[in-house]
Amino acid sequence: MLTCVNIALEMIATLICVNHLFCKKYYFRIHDAVFILSEIIIIESANYLRLSKGMALFGYIGIYIYELVKFKCSIRRANVNLILFVIFGVVAQIICSVPALLLEKYVDMDILILSINFFMILLFWGFSRKGRLLKVSRAAMDYNMLINIATGITFAGAIYILLVYKLTEYMRVTDYIIFGMLTVLIVVLIVKWQQEKFRKIAKEKEIELRNTYEEVHKQLIETIRKKQHDFNNQISAVYSLHIVAKDYDELVSMQRDYCGELLRDNRYSRLLSGGLNRSLSSRQLKK
C-alpha cells in the first residue's frame with residue numbers, strides 16, 4: 001500500500017512539473033487520472049513479475065503520450081519539455097535525496113522515499129510559481145537554447161560513462177548502447193534544428209525584403225498618380241486657354257508658352273512629359 005502511495009506522489013510531482021512547462025497554471029483533467037493509474041499499474045506489474053528495472057523507461061513514453069494528448073502540442077515542443085522534465089526531475093531527486101540519505105540509518109526506507117516524493121512536490125510547486133517553468137520552456141524553444149541543452153546532455157552522458165569506467169574499471173554493454181543512442185539522437189536533433197534555423201532566417205529575410213519593396217512600390221505608384229493628376233489638370237488648363245485668348249495667334253502663343261513651362265517643370269518626369277514632347281515636336285514639324 002505504501003508503495004502505491006509513493007508511486008502516486010511521484011506521479012503527482014511529475015504532473016506538476018510537466019503541466020507548468022506547458023502553461024502557467026495547473027489544471028486537472030481526466031488525462032491526469034488515467035496517467036497516474038496507468039503508471040501505478042505498469043510499475044506494480046513490473047515489481048510483481050520481477051521484470052527488469054529498465055521497465056521504468058516506459059514511464060517516459062507515458063509522459064510523452066500524456067503531453068501530446070492533453071496539450072495537443074507539436075512534437076518539437078513535446079520533445080523539448082520531456083528533456084526539461086528529465087533534467088528537472090534528476091536535479092530535484094538529488095536535492096531531496098541528500099537530506100533523506102543522512103537519515104537512512106534511523107528511518108525506514110519506505111518513509112524516506114515517501115518524504116523524498118513529498119518534498120519534490122513542494123519543490124516543483126514552489127519553483128513553478130509566477131510561471132518560472134513556463135519561462136524556461138519558452139526559452140528552451142529557441143534554437144540556440146536547444147543546441148546548448150543537447151550539447152549539455154551529451155557532455156553529461158560522457159561524464160557519466162567516464163565515472164562508471166573509473167569506478168568499475170569496465171564498461172557495461174548497456175552503457176555503450178545508451179551513450180551511442182543518445183549521441184546519435186543528439187547529433188540528428190542538432191542538425192535538424194540548424195536546418196530549421198537557416199530556413200527560418202532565409203524566410204524572415206525574404207519577408208523583410210518583400211515588405212520593403214512593397215512599401216517602395218506603393219510610394220512610387222502614389223507619387224506617379226499625384227504627378228499624373230497634376231499633369232492632367234495642367235493639360236486641361238491648356239485646352240481651356242481659348243476662353244481667355246482674343247484671337248487665334250494669341251491662343252497659339254499662350255499655348256506654346258504654357259506648354260514650354262510645363263515641360264520645364266516636368267523635365268525629370270519622362271513618363272509624363274515624353275508623350276507631350278513628341279506631340280509638340282510633330283506639330284512644330286508640320287508647321
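The shown structure was predicted, so the numbers you read here are calculated from the model rather than taken from an experiment.
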Has Arg129 got a side-chain atom pairing as donor or acceptor with Gly126's backbone, closer than 3.5 angstrom? no
From the options Phe127, Trp125, Phe124, select the one residue that forms a ring-ring contact (aromatic ring centres under 6.0 Å, His included) with His20. Trp125
Quick one: list whatever passes side chain to side chain donor-acceptor pair (under 3.5 Å) with Asn81, sequence neighbours left out. Ser137
Does the Asn117 side chain pair with the main chain of Leu114, one donor and one acceptor, at a distance under 3.5 Å? no
If I take atom CD from residue Glu39 and atom CG from residue Leu15, how far apart are they, to the nearest 0.5 angstrom? 9.0 Å
Between atom CG of Leu9 and atom OG1 of Thr14, what is the distance when rounded to the nearest 0.5 Å? 10.5 Å
Report yes or no: do Met11 and Val34 belong to one cluster of Ile/Leu/Val/Met/Phe/Trp/Tyr joined by side chain heavy-atom distances under 4.5 Å? no
Going by the angle between their ring planes, with limits at 30° and 60°, are Phe71 and Phe22 parallel, tilted or perpendicular? parallel
Does Phe119 belong to the same Ile/Leu/Val/Met/Phe/Trp/Tyr cluster as Leu133, with side-chain heavy atoms less than 4.5 Å apart forming each link? no
Side-chain donor or acceptor of Ser253 paired with backbone N/O of Asp249 under 3.5 Å: no
Nearest heavy atoms of Cys17 and Phe85, plus distance in Å: SG-CD1, 3.7 Å
Do Ile41 and Ile36 share a hydrophobic cluster, counting only Ile, Leu, Val, Met, Phe, Trp and Tyr and linking them when any side-chain heavy atoms are less than 4.5 Å apart? no
Joint cluster assignment, Leu82 & Leu84, ILVMFWY side-chain distance < 4.5 Å: yes
Working to the nearest 0.5 Å, report the span between NZ of Lys25 and OG of Ser128. 12.0 Å
Using the rule ring-ring contact (aromatic ring centres under 6.0 Å, His included), only one of Tyr64, Phe28, Tyr66 pairs with Phe35; which is it? Tyr66
Listed partners of Ile201 passing side-chain contact (heavy atoms from CB on, under 4.5 Å), at least two apart: Lys197, Lys205
Any link between Leu68 and Tyr26 through a network of hydrophobic side chains (Ile, Leu, Val, Met, Phe, Trp, Tyr) touching at under 4.5 Å? yes
Heavy-atom pair of closest approach, residues Lys130 and Lys24: C-CE, 4.2 Å
Do Glu10 and Met120 make a side-chain contact, defined as non-hydrogen atoms from C-beta onward lying under 4.5 Å apart? no
Within-4.5 Å side-chain heavy-atom neighbours: Arg138 and Leu134: yes
Asp32 CG to Ile16 CD1 distance, which is reported to the nearest 0.5 Å: 10.5 Å
In terms of heavy-atom contacts, does CD of Glu208 have more than 12 from other residues, nucleotides or ligands at under 6.0 Å? no
Which heavy-atom pair separates Tyr27 from Asn19 by the least distance, and what is that distance? O-OD1, 4.1 Å
Report yes if the side chains of Ile207 and Arg210 come closer than 4.5 Å at any heavy-atom pair, otherwise no. yes
